[in-house]
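In what follows, chains carry the letters A, B, and so on, assigned in the order in which the sequence lines appear, proteins first and then strands, with residues in each chain numbered from 1.
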Amino acid sequence: MAQKPSIPKGTRDFAPAEVAKRNYIIDLIKKQFQCFGFQPIETPSFENSDTLMGKYGEEGDRLIFKILNSGDFLAKVDQGTYAKKDAVALAPKITEKALRYDLTVPFARYVVMHQNELDFPFKRYQIQPVWRADRPQKGRFREFYQCDADVVGSDSLLQEVEFIQLYDGVFTELGLTNTIIKLNNRKILAGIAETIGAQERLVDFTVALDKLDKIGEEKVREEMHSKGIPQEAIVKAAPLFALKGSNAEQLQVLADFLTHSVMGTAGVGELQFLLDAIAKLGLQSAQLRIDVTLARGLNYYTGAIFEVTAPEGVDMGSIGGGGRYDDLTGIFGLKDVSGVGISFGLDRIYLVLEELGLFPEAIARSLDVLCLNFGPKEGMAALTLATSLRKQGIKADLYPSDTKLSKQFKYANNRNVPYVILLGEEELKNNSFIVKHMATGNQVSYALTDVANFVATL
RNA sequence: GUGGUUGUAGCUCAGCUGGUUAGAGCGCUGGAUUGUGGUUCCAGAGGUCGCCGGUUCGAACCCGGUCUUCCACCCCA
């Protein structure tokens with residue numbers, strides 16, 4: 001054998017059984033997206049670097065895969081930049097394209113480019129791979145799929161309500177019950193920062209607060225302190241660390257806490273609206289939970305923030321997230337278009353379903369019937385039979401060569417085929433075929449003219 | 001980007017303080033069984049010990065580098 005081949009770090013091959021399971025999830029998400037009136041679009045796997053760079057923060061820029069220019073790309077670089085060997089300065093000159101980092105920014109670009117063709121509010125879904133130059137970890141890959149649904153051109157809070165229902169619908173259908181939909185609002189976070197007098201440190205404050213249930217109150221205080229948030233502000237924020245109880249109770253505490261912040265009060269109002277609406281409409285299996293520590297990608301969210309985590313006991317981080325962004329298209333020159341959207345983390349959902357054994361048995365079945373091959377003449381007759389089964393929508397196949405039966409049976413076994421058809425010399429002579437049910441070993445004989453009788457038993 | 005971890009047969013893994021020809025189970029191939037798989041029995045094939053270099057009389061084992069795996073941090077789905 002030549003040198004052993006390999007694939008890049010953080011990428012994966014998918015075997016037939018894995019693809020079947022992934023498609024099961026994707027198909028189900030698609031169905032729900034369409035049920036809610038979303039339409040599919042697709043965008044290129046790579047964009048112009050300008051489209052992506054600077055949209056995800058400094059950290060994000062570092063994680064974007066850049067594509068080296070074609071041709072004599074170094075010719076354009078001036079001597080000074082080249083001599084300095086400064087990657088950050090050199091990169092924009094030799095890479096004009098970059099791999100898609102998420103689906104939201106390309107969507108914003110799409111909306112701006114096609115604004116005159118779109119009917120607003122525009123509801124779109126998109127299921128495509130994205131790439132991040134991250135270091136792989138549990139549930140983190142360098143190539144992975146996102147399944148996004150967004151609506152732009154409506155600032156109605158009813159959209160948020162629908163997204164909560166959409167999450168609930170998808171996860172219920174997947175059999176993943178008791179997922180927790182965490183809910184927060186960027187306006188509340190801003191209001192808190194305003195109230196405690198730390199507006200300028202909003203991001204540092206929320207990033208630290210986000211870690212509350214992970215590292216504990218003491219460590220969060222330490223981090224806030226080390227980020228330069230005044231001690232008195234941290235003290236003022238104390239009620240937030242102890243936020244407990246039902247959604248209604250927490251909301252009441254927040255309302256009192258934020259009473260002097262216009263922004264914060266607006267956020268509380270929005271949250272209240274969502275809770276009331278969902279209380280009226282009901283959810284099938286998910287739980288809605290207010291979580292002021294929920295921060296997520298703060299770069300563009302302006303209103304509601306969602307995050308879905310797997311049922312308790314499954315350690316997988318978030319399996320979906322989203323929120324309201326009032327001015328996403330603004331960065332591409334289209335003002336005042338409000339958007340809200342959510343994302344499903346396909347790869348993580350897969351891992352969770354696998355861990356909980358929630359994939360249906362039937363999706364592993366790639367073939368219903370295998371016809372064994374007894375020789376040229378018998379094989380031809382079997383192919384005729386397989387053809388007629390295929391026309392009736394049955395997954396049927398013929399073993400292509402007439403090797404010994406034990407080998408053909410073994411193949412059927414390994415492929416998990418439930419039925420095997422034997423059509424040999426004897427059967428051909430009296431125009432019949434034998435169906436063997438692999439699980440029980442029972443064999444039944446049918447006339448060749450009577451295929452329908454067999455099909456009826458499937 | 002920081003710190004740690006992993007790599008031996010197709011797969012899962014043994015392999016002693018460095019010492020002849022690197023092992024097991026599963027899988028694979030053939031046979032017992034020329035028209036019957038999933039059970040059993042017998043036999044067989046299959047390995048540049050991730051890669052490059054160093055130390056040594058001698059390296060799967062020690063050292064350096066590199067790639068990869070997994071994990072934590074950062075950040076995030």
A:Ser318 side chain: which of B:C74, B:A77, B:G37 is closest? B:A77
Residue matched to B:G27 through Watson-Crick or wobble contacts both under 3.5 angstrom: none
Under 3.5 Å, is there an N or O donor on one side and an acceptor on the other linking the side chain of A:Gln443 and the base of B:G35? no
Donor-acceptor list for residues 368-381 of chain A side chains, cut-off 3.5 Å, not counting sequence neighbours:
from	atom 1	to	atom 2	distance (Å)
A:Asp368	OD2	A:Lys395	N	2.9
A:Asn373	OD1	A:Gly375	N	3.0
A:Asn373	ND2	A:Tyr399	O	2.9
A:Asn373	ND2	A:Pro400	O	3.3

Counting only side-chain nitrogens and oxygens, does A:Lys407 get under 4.0 Å of the OP1 or OP2 atom of B:U36? no
What is the nucleic acid contact for A:Leu422, judged by heavy atoms within less than 4.0 Å: base, sugar-phosphate only, or nothing? base
What is the nucleic acid contact for A:Glu378, judged by heavy atoms within less than 4.0 Å: base, sugar-phosphate only, or nothing? nothing
Considering only the C1' atoms, how many Å lie between B:U69 and B:A43, rounded to the nearest integer? 37 Å
Using purine N1 to pyrimidine N3 plus N6-O4 or O6-N4 for Watson-Crick, or N1-O2 and O6-N3 for G-U wobble, both under 3.5 Å, which nucleotide pairs with B:C62? B:G54
Output yes when A:Lys123 and A:Asp150 qualify as a salt bridge under the 4.0 Å nitrogen-oxygen rule, no when they do not. no
Short side-chain N/O contact from A:Lys404 to OP1 or OP2 of B:G31, under 4.0 Å: yes
Side chains of A:Glu270 and A:Asn185, donor plus acceptor under 3.5 Å: yes
Presence of donor-acceptor pair under 3.5 Å, side chain of A:Lys410 and base of B:G38: no
Below 4.0 angstrom from OP1 or OP2 of B:U68, is there any side-chain N or O of A:Lys9? yes
Under 4.0 Å between any heavy atoms, over every strand shown, what does A:Phe141 touch: base, sugar-phosphate, or nothing? Just pick one. base
When only distance counts, do a donor and an acceptor, one from the side chain of A:Arg135 and one from the base of B:U69, lie under 3.5 Å apart? no
Classify the nucleic acid contact of A:Phe374 as base, sugar-phosphate or nothing, counting any heavy atom under 4.0 Å across all strands shown. base
Under 4.0 angstrom, heavy atoms only, what part of the nucleic acid is A:Ser406 near: base, sugar-phosphate, or nothing? sugar-phosphate
Under 4.0 Å between any heavy atoms, over every strand shown, what does A:Gly139 touch: base, sugar-phosphate, or nothing? Just pick one. base
The side chain of A:Phe144 is closest to which nucleotide in this list: B:U36, B:C73, B:A77? B:A77
Less than 4.0 Å between a side-chain N and a carboxylate O, is that true for A:Arg390 and A:Asp397? yes
Any side-chain N or O of A:Gln408 less than 4.0 Å from the OP1 or OP2 oxygen of B:G37? no
For A:Asn414, which contact category applies under a 4.0 Å heavy-atom criterion: base, sugar-phosphate, or nothing? sugar-phosphate
Using a 4.0 Å heavy-atom cut-off across all strands, classify A:Gly10 as base, sugar-phosphate, or nothing. sugar-phosphate
Across all chains, not counting sequence neighbours, the side-chain hydrogen bond (donor to acceptor under 3.5 Å, both in side chains) partners of A:Asp450 are A:Asn453
Going through the distances and angles, do A:Phe46 and A:Tyr101 end up as a ring-ring contact (aromatic ring centres under 6.0 Å, His included)? CA-CA 9 Å; A:Phe46 55 95; A:Tyr101 179 86; over 10 Å; no
Who does B:A14 pair with, Watson-Crick or G-U, both distances under 3.5 Å? none
Quick check for you: among B:C75, B:G35, B:C70, whose closest atom lies nearest to any side-chain atom of A:Pro136? B:C70
May I ask you to evaluate whether A:Lys211 reaches the phosphate of B:C74, defined as a side-chain N or O under 4.0 Å from OP1 or OP2? yes
A:Lys138 has a side chain; which of B:C76, B:C71, B:U36 sits nearest to it? B:C71
Could you check whether the side chain of A:Arg140 and the base of B:C75 have a donor-acceptor pair of N or O atoms closer than 3.5 Å, going by distance alone? yes
